[in-house]
Amino acid sequence: MSKIDIEGNIRAVRDRIREAALAAGREPGEIKLMLAAKYQPVENLIRAMHCGETLLGHNLVHQLQDSERELQTLEAPSHTTTVIGHVQSNKLSLAMTYAQRIDTVDSLKYAQRINRRQEARCAAGEATQPYPVLLQVNSSAAPTQFGCEPNALLDLARSVAALPYVTVQGLMTIGANSTDPDAVATSFATTRSLLIAMNEIEGLENARELSMGMTSDLELAIAHGSTLVRVGTAIFGARNV
């Protein structure tokens with residue numbers, strides 16, 4: 001089996017981001033690249049980090065824990081780790097221990113759990129600031145996807161903004177699972193409109209992160225205002241599991 005050209009793939013993805021940004025009249029530097037690390041061995045992540053990539057996104061908390069522990073023992077380059085998958089309540093403490101942000105908050109109950117846990121972490125001297133989150137929007141109303149319904153998002157944002165140990169930094173969406181680019185574009189446009197409306201809420205004026213776009217649709221996402229794309233397959237190749 002040939003070795004995956006992670007370095008070359010990163011250059012290609014960076015070129016795609018640059019071209020999409022310029023086509024949209026945006027600065028390429030406005031868009032961050034997050035490595036979707038699901039099922040990736042630590043060796044692959046380190047190779048990507050040595051290319052200057054510092055943002056890791058994990059879907060599965062047990063893999064997040066194992067990966068971060070191994071990276072610590074290997075003295076890997078400095079990086080930031082984010083949870084980009086749904087977190088079960090019994091895994092929340094682990095997620096918050098090993099990740100610097102959770103991007104999948106889609107209910108007040110979920111946010112309240114984070115708030116209570118962060119309060120305890122602050123009391124124990126494990127943290128000093130509110131815990132950062134993104135609110136996840138089910139922008140295509142897909143029954144198989146997590147996320148807050150669009151018509152309930154602003155009420156959720158107001159409620160979460162009132163929690164003292166949680167800070168909302170923006171929105172995340174997966175987008176429509178469709179081969180129709182118009183359907184995908186519509187889901188991205190919906191999320192961007194919600195972000196603009198959310199920024200009108202007191203205390204959320206600077207919550208401007210817009211995480212949307214993956215390997216297959218990052219150009220559409222950037223055209224609709226994405227500030228962060230989550231890419232795995234285009235960098236690491238198709239997953240074997």
Side-chain angles (χ1 to χ4, degrees), residues 1-24 26-60 63-64 67 71 76-77 79-86 99 101 103-104 134 136 139-140 142 144-146 170-189 191-192 209-241:
M1 183 181 296
S2 61
K3 186 177 181 181
I4 299 170
D5 184 10
I6 291 174
E7 295 78 8
N9 291 345
I10 287 175
R11 288 193 295 271
V13 169
R14 284 288 180 186
D15 285 344
R16 288 176 62 187
I17 292 171
R18 180 180 181 278
E19 290 170 8
L22 294 176
R26 302 178 60 193
E27 289 293 330
E30 296 176 7
I31 298 103
K32 307 180 196 74
L33 172 59
M34 178 178 285
L35 307 175
K38 188 176 183 180
Y39 299 129
Q40 291 304 318
V42 165
E43 292 77 12
N44 285 355
L45 301 181
I46 290 177
R47 284 176 62 190
M49 288 181 204
H50 283 303
C51 294
E53 303 305 331
T54 62
L55 303 180
L56 305 183
H58 277 275
N59 291 78
L60 305 173
Q63 291 179 354
L64 158 70
S67 176
L71 287 172
H79 61 282
T80 300
T81 305
T82 299
V83 174
I84 56 174
H86 183 73
R101 192 173 75 191
D103 289 5
T104 54
L134 299 188
Q136 182 176 0
S139 57
S140 60
T144 57
Q145 290 182 9
F146 290 102
L171 299 180
M172 185 272 260
T173 197
I174 294 175
N177 182 16
S178 173
T179 57
D180 179 1
D182 289 339
V184 179
T186 296
S187 64
F188 290 154
T191 308
R192 184 183 188 184
E209 190 81 279
L210 189 55
S211 174
M212 56 187 195
M214 297 183 285
T215 290
S216 63
D217 55 20
L218 68 85
E219 285 86 358
L220 270 177
I222 291 170
H224 286 84
S226 176
T227 64
L228 184 154
V229 295
R230 311 177 301 273
V231 180
T233 301
I235 292 173
F236 301 115
R239 291 195 296 262
N240 295 321
V241 286

Verify, without hydrogens or angle tests, whether Q145 (side chain) and G175 (backbone) share a donor-acceptor contact under 3.5 angstrom.
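Checking the backbone N and O of G175 against the side chain of Q145, a donor-acceptor pair under 3.5 Å is found.
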Side chain S226, main chain L210, donor-acceptor under 3.5 Å:
yes
Rounded to the nearest 0.5 Å, what separation is found between the [atom1] atom of [X] and the [atom2] atom of [Y]?
X: T82; Y: L56; atom1: OG1; atom2: CG; value: 8.0 Å
X: E53; Y: M34; atom1: CD; atom2: CE; value: 11.5 Å
X: D217; Y: S187; atom1: CG; atom2: OG; value: 7.5 Å
X: R230; Y: N59; atom1: CZ; atom2: CG; value: 9.0 Å
X: D103; Y: I84; atom1: CG; atom2: CD1; value: 7.5 Å
X: L220; Y: M214; atom1: CG; atom2: CE; value: 12.0 Å

Side chain to side chain contact (heavy atoms under 4.5 Å, CB included) with [X]: which residues, sequence neighbours excluded?
X: N44; value: I6, Q40, P41, R47, F236
X: D182; value: D180
X: A21; value: R26, P28, I31, I222
X: S67; value: V42, L45, H58, L71

Can you give me the closest heavy-atom contact between [X] and [Y], atom names plus distance?
X: V184; Y: A176; answer: CG2-O, 3.6 Å
X: A99; Y: V83; answer: CB-CG2, 3.6 Å
X: L134; Y: S211; answer: CD1-CB, 3.8 Å

Tell me if the CZ atom of R18 is crowded by more than 12 foreign heavy atoms within 6.0 Å.
no
Are more than 12 heavy atoms from other residues, nucleotides or ligands located less than 6.0 Å from atom CG of D15?
yes
Are side-chain heavy atoms of I235 and L33 found at a separation under 4.5 Å?
yes
By side chain to side chain donor-acceptor pair (under 3.5 Å), which residues pair with S139, not counting sequence neighbours?
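Only T173 meet the side chain to side chain donor-acceptor pair (under 3.5 Å) criterion with S139.
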According to the interplanar angle, ranging from 0 to 90°, do the rings of F188 and H224 count as parallel (below 30°), tilted (30 to 60°) or perpendicular (above 60°)?
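Tilted, since the angle between the ring planes falls between 30° and 60°.
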Indicate whether the side chain of T227 and that of E209 have a donor and an acceptor atom separated by less than 3.5 Å.
yes
Got a sec, which pairs hit salt bridge (Lys or Arg N to Asp or Glu O under 4.0 Å) with one end in residues 218-229, sequence neighbours left out?
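Non-adjacent pairs meeting salt bridge (Lys or Arg N to Asp or Glu O under 4.0 Å): R16-E219.
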